[in-house]
Peer 1: 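Mind looking over this structure? Questions follow.
We count residues from 1, following the sequence as given. Because only heavy atoms are used, hydrogens play no part in the values below, and waters and symmetry mates are left out as well, while side chains stay in. None of these values were measured; they are calculated from a predicted model.
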Amino acid sequence: MATPSWLDRLLLLAAERHAQRTLSRFLADAERADETQRRVLRQKLARHADSRFGREHRFDSICGPESFGSRLPIRTYGDFEPYIEDLRHGRFDSLLGRGQRVLMFALTSGTTRAPKYIPVTREFLDEYRRGWNAWGLRALLDHPGSFLRHIVQVSSPMSDERTPAGIPAGAITGLMAATQKRLVRKYYTAPLPVAYIPDAEAKYYAIMRLSVPRDVAFLIAANPATLLLLARTADLHRERLIRDIHDGTLSHEFDVPLEVRAALHDRLAAEPQTARRLERLVDRHGTLRPRDYWNLAFVAHWTGGTMGLYRARFPEWFGEVPVRDPGLLASEGRMSIPIADNTPEGILDVTSHYFEFIPAEEYESSQRRAIGIESVQVGGEYFLVLSTSSGLFRYDIGDRVRITGFHGRAPLVEFLSKGAHTCSLAGEKLTEHQVVAAMREVQSAGVVTADQFVVVPVWADPPRYRLLIEPRPDGQPIDANRLGMAFDSALAAINFEYAGRRSSQRLGAVEARQTSPGELTLADAEQRRRNAGRSEQFKHRYLLTDVTPDDQSAVGEGLGHPSNAPLTAPSE
């Protein structure tokens with residue numbers, strides 16, 4: 001890349017000062033986190049006090065965390081759904097205070113077929129962006145060679161659909177990219193139109209066609225599988241990629257919409273010198289890897305939960321570069337801000353949301369309680385409860401975290417898993433409810449008649465799910481290939497994020513296997529025996545939440561020797 005202009009340097013200085021103030025303010029608020037959280041709660045209650053939800057729960061008379069906790073029960077998305085349906089139809093006063101508007105709905109997977117619509121307001125977006133600014137400045141300051149160099153980032157459309165009131169619904173990453181500061185957008189290798197390439201391989205190729213010739217400082221994607229797919233796509237199509245860079249083209253062998261091609265035209269200058277350099281790298285190494293053509297300062301991706309399992313594959317492609325976790329974040333909001341490399345822990349984002357914690361051992365109890373940040377213990381595991389600027393109060397997001405320490409009075413949190421009965425190998429957030437619903441559809445289609453089954457997550461390349469099914473006593477054979485394809489299709493129809501991970505090649509197809517007769521029944525009997533004195537509480541698990549090795553074929557091994565690695569990843 002050419003030397004940055006004097007204007008860019010001036011703009012960077014101004015942006016850096018603003019971001020530095022944001023970071024300093026956040027760190028100061030973290031030092032007095034108890035006081036900060038009380039202020040945040042007061043602000044959110046006041047902002048939405050005159051909404052129908054606020055009036056129903058008498059927000060105007062809540063005087064602190066104690067009365068807040070006693071006045072409002074902990075809720076899940078289903079409890080908010082009637083209010084959110086009002087928002088989708090433009091009736092904002094149902095959940096939001098006077099003057100509040102929904103900019104978009106962030107779509108994310110629900111526990112059933114229907115997706116969740118998470119409202120995004122201006123205040124919510126500002127808080128989300130402040131968290132990113134604090135995270136980004138700290139990462140750049142820790143890796144000073146990153147300033148005014150290119151960034152590889154992946155975003156998705158913010159308008160996959162429109163609500164009845166015409167409000168866009170899609171990925172919050174699309175809104176963030178569209179509203180990013182012009183100086184930052186200038187250094188994105190892939191402009192916003194790339195998000196609208198529907199074919200996954202074509203999208204990955206287009207990103208790398210635009211990125212490989214640039215002076216890239218770092219790559220960022222929540223899911224590390226995405227970064228590996230980008231690197232592998234460039235290598236798989238290296239001859240075509242080098243030819244495109246030489247000629248200033250974007251191969252028509254990939255399904256890129258004409259309007260996107262037109263938008264990218266000015267970025268596709270012929271660069272024969274760069275192409276010759278890449279050819280020399282291929283001649284020398286026999287492959288084309290980011291570690292050879294980029295001088296990376298760091299990479300950014302999730303490292304908690306199963307995401308840490310991808311780390312072993314990164315040095316081969318990216319070299320021994322630092323990893324900065326982008327933090328625990330979801331469509332519902334950012335929850336942590338990491339300030340160090342090679343760790344999933346981050347400072348709880350105490351300035352954006354009001355947080356409560358349900359002790360993990362009480363999560364499924366009818367007597368569960370939620371505590372504030374002043375009561376959490378180092379080493380303790382908790383489920384997070386959020387109150388946000390988008391009107392979601394005491395919202396159980398289902399994220400399990402561990403407290404690893406404190407920064408001032410703010411807890412340091414490390415993501416462990418998603419929910420008690422949820423798996424997420426690549427961000428798909430598959431639930432046991434969805435697994436059962438998919439089997440019902442497969443059975444109703446006449447694909448299989450057996451009813452004793454279990455789904456096991458398998459760590460492979462790419463990761464996938466294994467459906468283990470017990471034959472019926474009558475010995476009727478099971479067509480495993482047909483069953484696997486049908487079950488895979490049913491999961492994709494039920495969980496749109498599963499479908500997205502399958503189409504983007506971050507998840508492999510379901511593999512169906514028939515067990516020996518009675519094997520799952522015997523496994524249940526053994527589990528009942530282990531639950532001595534509580535056998536009446538035993539429930540067959542249709543979805544396991546421990547990773548099994550790829551070469552592990554016996555169901556007994558899968559059920560009896562769970563991995564120690566936490567399974568799930570936060571929402572993308």
Side-chain angles (χ1 to χ4, degrees), residues 37 74-80 106-111 115-116 118 124 127-128 131 135 172 222-223 301-308 325-338 343-350 352-365 368-373 375-377 379-388 390 392-404 410-434 457 495 497 543 545 565-572:
Q37 282 282 275
I74 295 171
R75 285 175 161 83
T76 62
Y77 179 82
D79 299 310
F80 282 103
L107 290 179
T108 185
S109 179
T111 56
K116 294 189 291 186
I118 305 300
F124 177 93
E127 291 163 354
Y128 208 79
W135 176 89
I172 194 171
N223 196 321
H301 63 74
W302 279 329
T303 59
T306 49
M307 298 299 101
D325 195 302
L328 176 51
L329 65 159
S331 299
E332 292 87 347
R334 170 179 281 280
M335 288 156 274
S336 73
I337 299 178
T343 176
E345 75 174 18
I347 304 172
L348 192 71
D349 191 358
V350 293
S352 292
H353 318 294
Y354 180 71
F355 290 96
E356 297 171 271
F357 300 79
I358 303 172
E361 63 272 14
E362 299 179 15
Y363 188 61
E364 296 188 352
S365 168
R368 66 181 184 173
R369 61 195 169 91
I371 59 178
I373 62 169
S375 300
V376 298
Q377 301 293 320
E381 296 184 9
Y382 305 89
F383 283 86
L384 288 177
V385 176
L386 312 180
S387 294
T388 78
S390 288
L392 303 180
F393 285 88
R394 304 205 81 199
Y395 178 82
D396 176 9
I397 194 171
D399 284 350
R400 183 171 182 157
V401 300
R402 178 187 294 119
I403 307 300
T404 60
L412 297 173
V413 299
E414 173 189 359
F415 174 81
L416 296 179
S417 62
K418 186 75 178 177
H421 304 293
T422 303
C423 290
S424 196
L425 286 167
E428 69 280 4
K429 301 186 293 295
L430 188 65
T431 69
E432 189 168 49
H433 179 97
Q434 292 167 344
N495 181 325
E497 289 188 300
L543 175 64
T545 55
L567 178 61
T568 54
S571 309
E572 188 171 355

Peer 1: Who pairs with Glu362 by side chain to side chain donor-acceptor pair (under 3.5 Å), at least two apart in sequence or on another chain?
Peer 2: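 Per chain and number, Glu362 pairs via side chain to side chain donor-acceptor pair (under 3.5 Å) with Arg369.
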Peer 1: Can any side-chain N or O of Asp399 pair as donor or acceptor with the backbone N or O of Phe415 at less than 3.5 Å?
Peer 2: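 Pair absent, no side-chain N/O of Asp399 close to backbone of Phe415.
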Peer 1: Which residues pass the side chain to side chain donor-acceptor pair (under 3.5 Å) test with Asp349, not counting sequence neighbours?
Peer 2: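 Checked Asp349 against side chain to side chain donor-acceptor pair (under 3.5 Å); matches are Thr351, Ser352.
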Peer 1: Just verifying a value: how many Å separate Glu497 CD and Ser424 OG, rounded to the nearest 0.5 Å?
Peer 2: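 With rounding to 0.5 Å, CD (Glu497) is 7.5 Å from OG (Ser424).
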Peer 1: Under 3.5 Å, is there a donor-acceptor pair between the Glu414 and Thr404 side chains?
Peer 2: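 Looking only at side-chain atoms, Thr404 and Glu414 do not form any donor-acceptor pair under 3.5 Å.
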Peer 1: Hey, is the main chain of Asp325 close enough, under 3.5 Å, to the side chain of Trp135 for a donor-acceptor pair?
Peer 2: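 Checked: pair present.
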Peer 1: How long is the gap from OG on Ser331 to OH on Tyr128, to the nearest 0.5 Å?
Peer 2: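 The distance works out to 6.5 Å.
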Peer 1: Using a 3.5 Å distance criterion without hydrogens, assess whether the side chain of Trp302 forms a donor-acceptor pair with backbone atoms of Pro326.
Peer 2: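 Side chain of Trp302 to backbone of Pro326: no pair is present.
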Peer 1: Measuring from Leu430:CG to Leu543:CG, what's the distance to the nearest 0.5 Å?
Peer 2: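 Answer rounded to 0.5 Å: 5.5 Å.
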Peer 1: With sequence neighbours excluded, tell me which residues meet ring-ring contact (aromatic ring centres under 6.0 Å, His included) with Tyr395.
Peer 2: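 Checked Tyr395 against ring-ring contact (aromatic ring centres under 6.0 Å, His included); zero matches.
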Peer 1: Mark yes or no: Arg402 above the aromatic ring of Tyr382, with NZ or CZ under 6.0 Å from the six-membered ring centre and no more than 45 degrees from the axis.
Peer 2: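 Because its charged atom misses either the 6.0 Å distance or the 45° angle limit, Arg402 does not stack over Tyr382.
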Peer 1: Can you tell me if Glu381 uses its side chain to pair, donor with acceptor, with the backbone of Arg400 under 3.5 Å?
Peer 2: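 Such a contact is absent between Glu381 side chain and Arg400 backbone.
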Peer 1: Pairing donors with acceptors under 3.5 angstrom, does anything connect the side chains of Thr76 and Asp396?
Peer 2: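 On atom types as modelled, these side chains do not qualify, holding no pair under 3.5 Å.
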Peer 1: Any donor-acceptor pair under 3.5 Å linking the side chain of Glu356 with the backbone of Arg394?
Peer 2: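 Side chain of Glu356 to backbone of Arg394, a donor-acceptor pair under 3.5 Å: no, none is there.
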Peer 1: How long is the span from the CG atom in Leu392 to the NE2 atom in His353, to the nearest 0.5 Å?
Peer 2: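 If we round to the nearest 0.5 Å, Leu392:CG and His353:NE2 are 10.0 Å apart.
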